[in-house]
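Written below as structure tokens is the structure these notes are about.
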Amino acid sequence: MERVAAMIKERLKTLVAEAAGRAHDSGELPSSQMPPVSIEEPKADAHGDLSTNFALVAASLQKMPPRKIAERVIENLRDSDQLVEKTEIAGPGFINFFVKPKAWHPVLHQIHQAGDRYGAANFGRGRKVQVEFVSANPTGPLHVGHGRGAAVGDSVGNILAFCGFDVEKEYYINDSGRQIRTLGRSVFLRYTEVFGRKVDFPAECYQGEYIRELALRIKSEQGDQLLHQPEEDAIGYCARLAAGEILVGIRNDLRRFGVAFDVWFSEQSLYDTGTVDNVIKDFQRRGSVYERDGALWFGTSAFGDEKDRVVVRNNGLTTYFASDIAYHQDKYARGFDRVIDVWGADHHGYIERVTAAVEASGYRRDQFHVILVQLVNLLRGGEPVAMSTRAGEFVTLRDVVEEVGTDAARFIFLSRHYGSPLDFDLELAKQKSNDNPVYYVQYVHARICSIIRKASGSAAAEVLYDEAAVARLIETEEIQLLKTLSRFPETVQSSAENLEPHRITFYLMNLASEFHAYYNKHRVLADDPVLSCGRLYLVEAVRRVIENGLNLLGVSAPEKM
RNA sequence: GCGCCUGUAGCUCAGUUGGAUAGAGCAACGGACUUCUAAUCCGUAGGUCGCAGGUUCAAAUCCUGCCAGGCGUACCA
């Protein structure tokens, strides 16, 4: 099905190109060289529905003033299907098109036919894409920053899937290495404390209260048994148990936050299967890895990194980077064309080296993409909430979801470009007013459901298509809504191309605003049954687009509020 | 020092990949509920797009150099 907005643009493009050709044939334009025609949407309504800068771009080729070129193009327009109401030349030489209202009407039928697929596309052509996000170490509960990463990653995945990519969402569990040992040690020390042993709790250990809770839990299950084992065994036991428990908590928190991963991938498994060793050996054979000062180095600088990086330290232990190389190789080996990693902004120093590893493994640079999500500043009533990771005092994602709800949290996380720092105000987030954009958008959905209930007795009632009724939609606000609705597919597309979910958020706020304005000015259920029928059809289309958009963000579309 | 991100209205942020007079929301002020949900709407006011150059018909957007803030720059994870 051809999109209405795209169709109109294409048509105008052709009209302009043909007109320019005719003008040249008749000698009105000297050069046969014509620039490509681009059709844009002006931001000011006074500049028409669509416009082209053709005359401006053609000026240097034609060696003529732009306004003169514009005149000759307009004179040669042959608008055979009566699409255009009016054209004008404006400013330095823009050609503005005012499209007939009826040109936008077909979008309604399209929306009703496409249903929950309206806005979807297939330019992904089934290519496999992996989105990896959150991937927090299982050494403590998720905090607010992880929530932002979760919302962004989940939504990017949804959007790409909507555009025809075969998407898999993955969580990488850093369940190996020193931080897990530190976790075990932290729990074990608290455990010994429970039995009255005086310990000097080290600063590098995890300070949070949850460590004590885990220790108590081990006591209730194992009594004092661990005190009688070799300390290494006891620490190992604590580490496994704690990481397992924390991971269960993380899964629960994410589920409650509406995030479902297809794959939970264990870092330890890369060691257990020998994948990390094999990768290092393989690169050694190929000369990408070399020895210096007793350590093994990966030659990332050959691929644009500022220096080479260590993969095996001189004490024989592998670095985090080593398993990262193996992990990313494994991703491509699983058949993904594209790999997208969502990282916290503090990891940006890693982009170059992982990209280098990807390239050294024989994949293209553009098959790997990192979304760097900036930090979240948590506020309460405008005042910063004190968060000290060192003291283990921070507001967890669970706390936030319990206080403000999943919908509000997700919407706010996606209400800003991921590259700019986000102020998250708890008071504002749970406020049920127009200050809170999520309710502003959801309210539209609930309102429309209410209208439809009123019209037919049930929200699920079928709203029927009637050509004569749709033709009655000619109010300014109605045409505006039609134009905005027809723009949804391209919004989704640019959102997918740029991996920017916030474009959907802004689109929805704008659509909501236009609907509220319409609602306040015109009655949907009017005395005239034909008009009512047309308006119901329009309003149901708005509802559908709000629902589809909110779905992509992972936010619910309530029928009542 | 080097690298990345950010700098737009009092505040929080958009800005259609280079377009016309730079837009929303909040806060301020003034209005609108006997009518489909007032969690709403309408109006007013608010700007040297960090600064300085450059590229061109056209720059918030691209290039260069400064300024400010954040982050990074480990044989840490």
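In the text below, chain A, chain B and the rest are named by the order of the sequence lines, each starting its count at 1. Nothing here was measured: the structure is a model prediction, and the numbers come from that model.
When the P atom of B:C57 is taken as reference, atom CD of A:Q62 falls 15 Å away, rounded to whole Å. In this entry the distance linking CG of A:D527 with P of B:C36 reads 13 Å, nearest Å. Whole-Å rounding puts the A:D45 CG to B:A24 P distance at 11 Å. The distance between atom CG of A:N315 and atom C1' of B:C76, rounded to the nearest whole Å, is 12 Å.
With hydrogens and angles ignored, no donor-acceptor pair closer than 3.5 Å exists between the side chain of A:H347 and the base of B:G72. In terms of polar N and O atoms assigned as donor or acceptor, the side chain of A:S51 comes within less than 3.5 Å of the base of B:A20 in a complementary pairing. One N or O donor and one acceptor, one from the side chain of A:N53 and one from the base of B:G19, sit under 3.5 Å apart.
Using a cut-off of 4.0 Å between Lys/Arg side-chain N and Asp/Glu carboxylate O, A:E71 and A:R67 are scored as not salt-bridged. Under a 4.0 Å N-O distance rule, the pair A:E478/A:R472 does not qualify as a salt bridge. Remark: A:E403 engages A:R380 in a salt bridge, criterion side-chain N to carboxylate O under 4.0 Å. Salt bridge annotation for A:R487-A:E490: absent, with no cationic side-chain nitrogen under 4.0 angstrom from a carboxylate oxygen.
Counting any heavy atom pair closer than 4.0 Å across all strands shown, A:A295 reaches a base atom. Here A:D293 lies in heavy-atom contact (under 4.0 Å) with a base. Within 4.0 Å of A:H348, counting heavy atoms only, lies at least one base atom of the nucleic acid. As judged by a 4.0 angstrom heavy-atom cut-off over every strand, A:S420 is placed among residues touching the sugar-phosphate backbone only. When heavy atoms are screened at a 4.0 angstrom cut-off, A:H445 is found touching no nucleic acid atom at all. Counting any heavy atom pair closer than 4.0 Å across all strands shown, A:D425 reaches no nucleic acid atom. Residue contacts for A:R416: at a heavy-atom cut-off of 4.0 Å it reaches the sugar-phosphate backbone alone, with no base atom in range. Across all strands shown, A:E352 has no heavy atoms under 4.0 Å from either base or sugar-phosphate atoms. Heavy atoms of A:P65 sit nowhere under 4.0 angstrom from any nucleic acid atom. Among the protein residues, A:G419 comes within range of the sugar-phosphate backbone only, with heavy atoms under 4.0 Å from sugar or phosphate atoms but none that close to a base.
Here B:C13 is in the anti range [glycosidic angle more than 90° from 0].
A close approach under 4.0 Å does occur between a side-chain nitrogen or oxygen of A:Y443 and OP1 or OP2 of B:A39. Contact annotation: A:H502 side-chain N/O to B:G15 OP1/OP2 distance is under 4.0 Å. For A:Y320 and B:C75, the shortest distance from a side-chain N or O to OP1 or OP2 is not below 4.0 Å. For B:C76, one of the phosphate oxygens OP1 or OP2 lies less than 4.0 angstrom from a side-chain nitrogen or oxygen of A:R313. Contact between the side-chain N/O atoms of A:K43 and the OP1/OP2 oxygens of B:G19 is not found at any separation under 4.0 Å.
Relative orientation of the A:F413 and A:F424 rings is tilted, given thresholds of 30° and 60° on the angle between their planes. Note: A:F515 and A:Y518 have perpendicular aromatic rings, judged against thresholds of 30 and 60 degrees for the angle between ring planes.
Pair assignment for B:C36 gives none, since no Watson-Crick or G-U wobble pairing has each distance under 3.5 Å. Checking B:A22 for Watson-Crick or G-U wobble geometry (two distances, each under 3.5 Å) identifies no partner in any strand. In this entry B:G7 has B:C67 as its Watson-Crick or G-U wobble partner, both defining distances falling under 3.5 Å. Nucleotide B:C2 forms a Watson-Crick or G-U wobble pair with B:G72, both donor-acceptor distances falling under 3.5 Å. B:A28 is paired with B:U44 under the Watson-Crick or G-U wobble criterion, all donor-acceptor distances under 3.5 Å.
Counting only heavy atoms from C-beta on, A:D346 has its side chain closest to B:C71 among B:C71, B:C76, B:C75. The side chain of A:R447 sits closest to B:U37 out of B:C42, B:A20, B:U37. Closest to the side chain of A:A517, from the set B:G3, B:C42, B:C75, is B:C42. Closest to the side chain of A:E40, out of B:A39, B:G19, B:C75, is B:G19. Taking every side-chain heavy atom of A:R523 into account, B:C36 is the closest of B:C36, B:U73, B:U12. For A:E41, counting side-chain heavy atoms from C-beta on, the closest listed nucleotide (B:A20, B:A38, B:U16) is B:U16. Distance from the side chain of A:L56 is smallest to B:C57 among B:C57, B:A39, B:A38.
A side-chain donor-acceptor contact under 3.5 Å links A:T300 to the backbone of A:K307. Using modelled atom types, no side-chain atom of A:H445 and backbone atom of A:K560 make a donor-acceptor pair closer than 3.5 Å.
Annotation: B:A22 and B:U8 have their C1' atoms spaced 8 Å apart (nearest Å). Comparing B:A32 with B:G15, their P atoms sit 37 Å apart, to the nearest whole Å. Using atom P as the reference point in both B:A45 and B:G50, the two lie 25 Å apart (nearest Å). A distance of about 38 Å separates the P atoms of B:C42 and B:A58, rounded to the whole Å. For the C1' atom pair drawn from B:G18 and B:C62, the interatomic distance equals 8 Å after rounding to whole Å. Across the C1' atoms, B:A9 and B:G46 are found 6 Å apart, a figure rounded to whole Å. A gap of 13 Å separates the C1' atoms of B:C63 and B:U56, to the nearest Å. Comparing the C1' positions of B:C11 and B:G47 gives a spacing of 15 Å, expressed to the nearest Å.
Here A:H47 lies parallel enough and close enough to stack on the base of B:A20, with planes under 30° and ring centres under 5.5 Å apart. Residue ring and nucleobase are stacked for A:F94 and B:A20, with a centre distance beneath 5.5 angstrom and an angle between planes beneath 30°.
Heavy-atom minimum distance, A:G534 versus A:A469: N-CB, 3.5 Å.
The residue among A:V57 and A:K307 whose nearest nucleotide of RNA chain B lies closer to the 5′ end is A:V57. Between A:Q431 and A:F506, the residue anchored closer to the 5' end of RNA chain B is A:F506, taking for each the nucleotide with the nearest heavy atom.
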